[in-house]
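Right, one structure below, let's go through it.
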Amino acid sequence: MKKSVSYIALAAALPLGGWFFHNHLTKSLPAADASVKESPKQVRLWFNEKPEVSFSSISVLGPDSTKLDVVGKAQATDDTLSVAADLTKPLAKGHYTIVWRTAGKDGHAVRGRFGFSVE
């Protein structure tokens with residue numbers, strides 16, 4: 001009886017917690033849903049495990065959802081849990097979306113997006 005209870009508990013936990021075993025975003029600069037006074041000079045993303053820089057990319061979508069040509073190549077930082085990309089041009093006032101992609105040590109590609117505004 002004990003074994004069947006353990007298997008049931010494990011099966012119940014997997015659908016909810018499966019994402020935990022892959023790399024995921026823990027914080028960003030600019031922060032998700034933030035409103036900043038001036039255009040950031042860089043987008044920096046932190047993850048729960050070391051991101052594979054060669055599989056990482058960061059894009060910025062403008063207020064009309066078009067991809068803007070303002071982001072440099074994703075690169076390693078002084079923190080092994082983060083990647084960053086410089087913005088090559090300042091962003092005007094408006095709402096922007098950061099679209100990112102990376103992979104962790106398991107090689108599984110993960111991606112996400114979040115918004116922020118420039119006042």
Side-chain angles (χ1 to χ4, degrees):
M1 180 90 163
K2 257 187 182 177
K3 284 186 181 178
S4 64
V5 171
S6 297
Y7 292 133
I8 291 170
L10 179 61
L14 284 177
L16 298 175
W19 66 270
F20 183 75
F21 298 108
H22 298 298
N23 205 357
H24 63 270
L25 187 69
T26 59
K27 71 177 181 175
S28 63
L29 189 62
D33 302 320
S35 183
V36 297
K37 298 233 183 257
E38 58 185 49
S39 175
K41 293 180 176 21
Q42 182 182 75
V43 174
R44 190 165 180 174
L45 308 173
W46 284 265
F47 298 90
N48 67 312
E49 65 182 55
K50 183 180 177 181
E52 291 295 329
V53 178
S54 60
F55 295 119
S56 299
S57 67
I58 300 171
S59 300
V60 176
L61 305 182
D64 63 354
S65 297
T66 59
K67 184 176 177 180
L68 303 178
D69 186 22
V70 298
V71 183
K73 186 176 178 182
Q75 53 196 325
T77 69
D78 58 343
D79 183 340
T80 59
L81 296 178
S82 74
V83 294
D86 293 332
L87 295 183
T88 59
K89 299 174 190 169
L91 302 174
K93 291 181 182 183
H95 183 78
Y96 296 89
T97 302
I98 303 294
V99 179
W100 58 268
R101 181 186 51 145
T102 193
K105 63 184 173 189
D106 65 358
H108 185 264
V110 290
R111 60 192 62 182
R113 62 178 49 217
F114 62 89
F116 77 98
S117 296
V118 177
E119 293 181 5

Under the rule for ring-ring contact (aromatic ring centres under 6.0 Å, His included), what residues qualify as partners of His108, not counting sequence neighbours? His22

Applying salt bridge (charged side-chain N to carboxylate O under 4.0 Å, His left out), which residue pairs with at least one partner in residues 23-40 are found, sequence neighbours left out? Lys37-Glu119

Listing request: all salt bridge (charged side-chain N to carboxylate O under 4.0 Å, His left out) pairs with a residue in residues 53-73, at least two apart in sequence or in separate chains. none

Determine the minimum heavy-atom distance between Ser56 and Pro51, stating which atoms define it. OG-CB, 4.2 Å

Taking all heavy atoms of Arg113 and all of Leu61, pick out the closest pair and write down the distance. NH1-CD1, 3.9 Å

By side-chain hydrogen bond (donor to acceptor under 3.5 Å, both in side chains), which residues pair with Ser117, not counting sequence neighbours? His95

Co-members of the apolar cluster containing Leu29 [side chain, <4.5 Å]: Trp46

Provide the full list of salt bridge (charged side-chain N to carboxylate O under 4.0 Å, His left out) pairs with a residue in residues 77-90, sequence neighbours left out, each pair given once. Arg44-Asp78

In the hydrophobic clustering (ILVMFWY, side-chain contacts below 4.5 Å, transitive), which residues join Phe47, or is it alone? Leu25, Val36, Val43, Leu45, Val53, Ile58, Val60, Leu68, Val70, Val71, Val83, Leu87, Leu91, Tyr96, Ile98, Trp100, Val110, Phe114, Phe116, Val118

Working to the nearest 0.5 Å, report the span between NE2 of His24 and CG of Asn48. 4.0 Å

